[in-house]
Protein chains: 2
Amino acid sequence: MTIVKPSTLPGFMELLPKDQILFNEMKDIIRKNFEKHGFLPIDTPVIEKSEVLLAKGGGETEKQIYRFSKGDTDMSLRFDLTVPLARYTVEHMNDLSFPFKRYQIGKVYRGEKAQKGRFREFYQCDIDTIGMGELSLVNDAEFPVVIFHTFKDLGFTDFTIHLNNRKILKGFFSSLGIEDSMNVLRTVDKLDKIGEESVLEELGENGIGRDSGEKILEFIKIKGSVDEILEQLRDLKIKDEIFQEGLDELTQVVGYMRDFGIDEDCFDIDLKIARGLDYYTGTVYETTLDNYPKIGSVCSGGRYEDLASYYTDKTLPGVGISIGLSRLFYQLNEAKIISSEEKSLVDLLIIPMDDCIHDGIKLLSELREKGVRVSVYTEFAKLKKKFKYADQTKVDYVIVLGEEEIKTRKYSLKDMKTGDQEEVTFDELVERFKK
Amino acid sequence: MTIVKPSTLPGFMELLPKDQILFNEMKDIIRKNFEKHGFLPIDTPVIEKSEVLLAKGGGETEKQIYRFSKGDTDMSLRFDLTVPLARYTVEHMNDLSFPFKRYQIGKVYRGEKAQKGRFREFYQCDIDTIGMGELSLVNDAEFPVVIFHTFKDLGFTDFTIHLNNRKILKGFFSSLGIEDSMNVLRTVDKLDKIGEESVLEELGENGIGRDSGEKILEFIKIKGSVDEILEQLRDLKIKDEIFQEGLDELTQVVGYMRDFGIDEDCFDIDLKIARGLDYYTGTVYETTLDNYPKIGSVCSGGRYEDLASYYTDKTLPGVGISIGLSRLFYQLNEAKIISSEEKSLVDLLIIPMDDCIHDGIKLLSELREKGVRVSVYTEFAKLKKKFKYADQTKVDYVIVLGEEEIKTRKYSLKDMKTGDQEEVTFDELVERFKK
C-alpha cells in the first residue's frame, strides 16, 4: 500500500489532547456564562446556499470565502456567525420570541493568507439580542456584564471593556462639516500604529483641514473617569442631534450597567473605539487585557440598526459581541498566559500486574461507582512500560495492584510528583478522590 | 435592496432553540460519559487535504464527498471521524501515549441523496482506543460499558448491546469451505428484510449450495443466554483456528465486561451481527432500543486490526464505537420518544413596569448573584405584550415589579402553569430557585 504523509492544511489549528482539554474548558466557561445570562443555543449549518450567504455582498470577505458546487448547487462555508443568525432569525421568525437572545459557538471559515496566529478555520463565540422593530438600551448594557463575568470566570483579573457610541463620533464629525465619518474613523483607528502626524496627513489627503484634524485628535483623546468623560462631552455643548442622541444613549447604557452591578474599574469610555465595520450604528465595545495590550481586542461588538434587511423588510435591530476563541487561545498560549501543561482527565491510575487485570477492572468499577475519576492500564507489559504510561499521561496518583493488595484490600498509593507512597484502604481512596 | 429568501440547503438539520437545548443535553451526556471513561478530546479540522483524506480510497463514500479547490489546494470535507483519527494518530504519534483513548464529537459531511431522516451534515460522537502494535481485549470490553452508562444516562431503560466476533463467522464459513466471507455476510445481513428463502437463493447465486446455506442459517440463529451461546459454540467443536480464536476472544470480552460490572440483561450475543464494513476484524457491536426495533442500531462499532496502514508502516490496532447523534435525535423526536417541549433556560422572569426597569435589573443581578437562573424583560411595552413573551418562552414563574414591590421588597410570584400567585420575600425566592 502506498503511504501518504499525514498532515493538515496550513492555517488549520489542531491541538494535542492536553491543549484541547484547556481549550474545551475555556469554551465551556464561555457557554456557561452565555446560558446563565439567558441566551438560547442555535447551531446553524456550516454550509449554506451561496445566494443566501452572500446576499449582502461581501467586498473583502467575499474573496476569502470557500465556495464550491456539488451537482447544481452553489454553496459556501459560513465566514461568520452573524449572516447565519440573520438568515435563521428571518427563516424562523414566527417560531421565535423577541427580544430573541441567542448564542452560537462554532467554527467559521476564511481562506485568508495563512500566517502566524491567523486561522482559516476558527471558533467564534457569539451572543446577540435581536428586537422586532425596537430594542431597548438595557440590552446594550447587558453585554459588558456578560463579558465581565465571562473573563472573570476565565481567570482574568485585569481587563478593560472600552465603550463608545458611534453616534457621538458621527455627530461630532458632522459638527465639523465632515459627513463621510467612515473614512475618518478608519484613519483615526490607526492612531496607535502610525502616530498623530501621519493621521493628520492622511486626514488632509481626505480633504480634512489641519484645524479640523487637530480638533478630532483632541476630541478622541478626552480622558478621565466614565462620569468625567460624560460630563466633558456634555460641556462641549455640541449642537448636533446625532451627537446628543449618542451621548444620551451612552449615559443610559452606563446607568443600566451600574444597575447590573458591574465592577466600576473594569470598564471605561474610549472615544477612539469605532470598530472597523460600517455595520455598527450605536454602542460599540472592545475588550483588552490590561497587562497584554499587544494582543488587541479579545471581545468586540456593538449595536446595529438592522440585522437582516437583505432577507426581510421588517426592521430587526440588534446588539451583539463575539469572542474569537481560536485566536484568543493561540495568543494566550503563545504569551504563556495560560498553561498548557499535560493534564490527565483522571486523578488516579490503576496499574494491575499482568495476572491481576480482572481485579484491576473490578476495582476501577467500584471506584467509578463512587465518583472517582480513575483509569486502568489494560495492556500486558513490563512494569517499567506501565509506569512510563503513567508518566506520559501525567496522572497524579498510581496504585499498583498485585495479589497482596487484592487479598488485603489495602493499596499503596503513589504520588507521581513527589514519589511518596502511603498505604490506604478503599474507603480512604474514595474519600480522597471522589468529586 | 433586493430581498433574498432565507433558507438552508436540503439535508441540513437546523433546530429551533427548544430542540437545540434538548440536543445539547444529549451531546453533553455523551461527552460526560466519554470523559468519565478516560477518553481524551481531540478536534480535527472539518477540511482536510483530499490526498490525505482519500488516501484509503472510498468507493461508495467517495462519490458523496464534498471536494473542491481553492487556489492550488485540493481539499475535502471530512465524511467521518475515523480517517481524521488515523491521520491525527500518525501525525502526532510521538506526542501521544498508547493505548491512546480519544473521543471526538463533531459534524461530518456526506452529499447523499437527501431523504427523510438522512442528513448531509450530521454529528458523530466517536470513541476509539488505539494501541501501538498490540491492544488487549480489555478494551473491547470497555466499549459496551461506555454504551451502557451513556444510554442509561440518556434516559433509556430498555436497550440491548449485541455482541459478536467476526472471526467466529469467518472461521465457521471457512469450515464450510467458503473463503469469501464478506459476500456471505452481506447476504446474511439482509435476513430480516428478505427472509430465509431469498437468502438461500442469493447464497446459491454466489455458489454456496443449499446444504451449506442451511447450515449458515441454522448457525446464525443460535439462541440463548450469553453463556448458553458460548457453550453451544464450544460444543460445535469446529476445527478451525480462526473460529476458535474468535470464540476465545468473545469469551474473554464477556468476562471482562462482567468485571466492569455491566448489567447482565443489557447485552446479548447475536451471531447475525457482522457490520457492513470490511474494516472490522474481531469484536463487533450494535445497540438497539428494545421497544423501537425499527430505529435500527443507535450505536455500533468494533475492533480493527490496523487503523492507519495508508499513513504509516507501524501497526495500530484499535477498537471504537460511534453514535450518529443527528440521526438518533431526529428518530427519537419523530417517534416521540423524546419530548421537544418548549423549555426555558431560566426558571424565573422579572417583568418590570416601564418606569421600574432600573430596579428590575438590580433585582435580576441580586438573584443571579445567589445562583438563581433568572431573566428580565427589557422592552418598554404594554403588560399584555410582556406576558405574551413570558408565555412564548415557557418560563415557569413570573414576578411583576412595580413601585409597591420595590418599596416593600415583597413580590407576587406567579406560577404560569396554574395561574396561582403567592407573596414571597427575596430570601424565599432565593431559597426556592437557587441551583
Side-chain angles (χ1 to χ4, degrees), chain A residues 1 3-4 6-9 12 14 16-17 20-21 24 35 38 40-49 51-52 55 66 68 70 73 75 87 90-92 95 97 99 107 111 121 134 136 138-139 256 259-261 309-311 313 345-346 357-358 361-362 365 375 378-380 389 392-393, chain B residues 1 3-4 6-9 12 14 16-17 20-21 24 35 38 40-49 51-52 55 66 68 70 73 75 87 90-92 95 97 99 107 111 121 134 136 138-139 256 259-261 309-311 313 345-346 357-358 361-362 365 375 378-380 389 392-393:
Chain A
M1 195 175 281
I3 289 196
V4 177
S7 65
T8 50
L9 286 159
F12 286 73
E14 180 168 88
L16 286 172
Q20 194 66 52
I21 291 170
N24 291 357
E35 292 187 348
L40 296 168
I42 72 169
D43 184 3
T44 65
V46 167
I47 309 177
E48 299 250 11
K49 292 178 187 171
E51 99 175 312
V52 172
Y66 290 97
F68 53 95
K70 193 164 175 73
T73 315
M75 47 187 103
R87 198 259 312 136
V90 177
E91 188 173 347
H92 304 293
D95 296 310
S97 312
K107 288 175 171 180
E121 175 187 73
E134 288 179 320
S136 93
V138 177
N139 295 288
Y256 288 130
D259 292 334
F260 273 113
S309 54
Y310 35 99
Y311 299 137
D313 49 16
L345 283 178
V346 298
I357 287 186
H358 283 285
I361 300 173
K362 282 178 197 160
S365 308
S375 185
T378 52
E379 304 308 292
F380 297 90
Y389 175 83
Q392 283 178 331
T393 57
Chain B
M1 196 176 276
I3 289 196
V4 177
S7 65
T8 50
L9 287 159
F12 286 73
E14 179 169 89
L16 286 172
Q20 193 66 54
I21 292 170
N24 290 357
E35 291 186 349
L40 296 168
I42 72 167
D43 184 3
T44 65
V46 167
I47 309 178
E48 298 250 12
K49 291 179 187 170
E51 108 180 301
V52 172
Y66 290 96
F68 54 95
K70 192 164 176 73
T73 316
M75 47 187 104
R87 198 259 313 137
V90 177
E91 188 173 348
H92 305 291
D95 296 309
S97 312
K107 287 176 171 180
E121 174 186 73
E134 285 180 322
S136 94
V138 177
N139 296 288
Y256 288 131
D259 292 334
F260 274 114
S309 55
Y310 34 100
Y311 299 136
D313 49 16
L345 283 179
V346 298
I357 288 186
H358 282 287
I361 300 173
K362 283 179 196 160
S365 306
S375 185
T378 52
E379 303 308 292
F380 297 91
Y389 175 83
Q392 282 179 332
T393 56

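Just so it is clear: chains get the letters A, B, ... in the order the sequence lines come, proteins before strands, and each one is counted from 1.
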Report summary line: Note: vs chain B, highest number of non-hydrogen pairs under 4.5 angstrom among A:Asp313, A:Ile42, A:Thr73 is A:Ile42
Report summary line: Taken to the nearest 0.5 Å, the spacing of B:Met75 CE from A:Thr8 OG1 works out to 12.0 Å
Query raised in the report: Looking at A:Gly111, A:Gly38, A:Ser365, which has the largest count of heavy-atom pairs under 4.5 Å with chain B?
Result: A:Ser365
Query - Parallel, tilted or perpendicular, as decided by the 30° and 60° cut-offs, for the rings of B:Phe68 and A:Tyr66 - result: perpendicular
Report task. Considering only heavy atoms and a distance below 4.5 Å, find which of B:Thr44, B:Val138, B:Ile357, B:Ile47 pairs most often with chain A. Result -> B:Ile47
Query raised in the report: chain B heavy atoms under 4.5 Å from A:Glu121: which part of the residue, side chain, backbone, both or neither?
Result: side chain
**Report entry** Beyond-backbone contact of B:Pro45 with A:Leu9, side-chain heavy atoms, under 4.5 angstrom
**Finding:** no
Requested in this report: To the nearest 0.5 Å, tell me how far A:Asp43 CG sits from B:Gln20 CD.
Outcome: 5.0 Å
**Report entry** Steps toward side-chain contact (heavy atoms from CB on, under 4.5 Å) verdict (A:Val4, B:Tyr310)
**Finding:** CA-CA 6 Å; A:Val4 177; B:Tyr310 34 100; 5.5 Å; no
**Report entry** chain A contact via B:Lys70 - which portion, at a heavy-atom distance below 4.5 Å
**Finding:** side chain
Report task. Identify which one of B:Leu345, B:Thr393, B:Leu16 satisfies the side chain to side chain contact (heavy atoms under 4.5 Å, CB included) criterion when paired with A:Leu40. Result -> B:Leu345
Query - Part of A:Lys107 within contact of chain B (heavy atom distance under 4.5 Å) - result: side chain
**Report entry** Option from A:Glu48, A:Glu91, A:Lys49 for which side-chain hydrogen bond (donor to acceptor under 3.5 Å, both in side chains) with B:Ser7 holds
**Finding:** A:Lys49
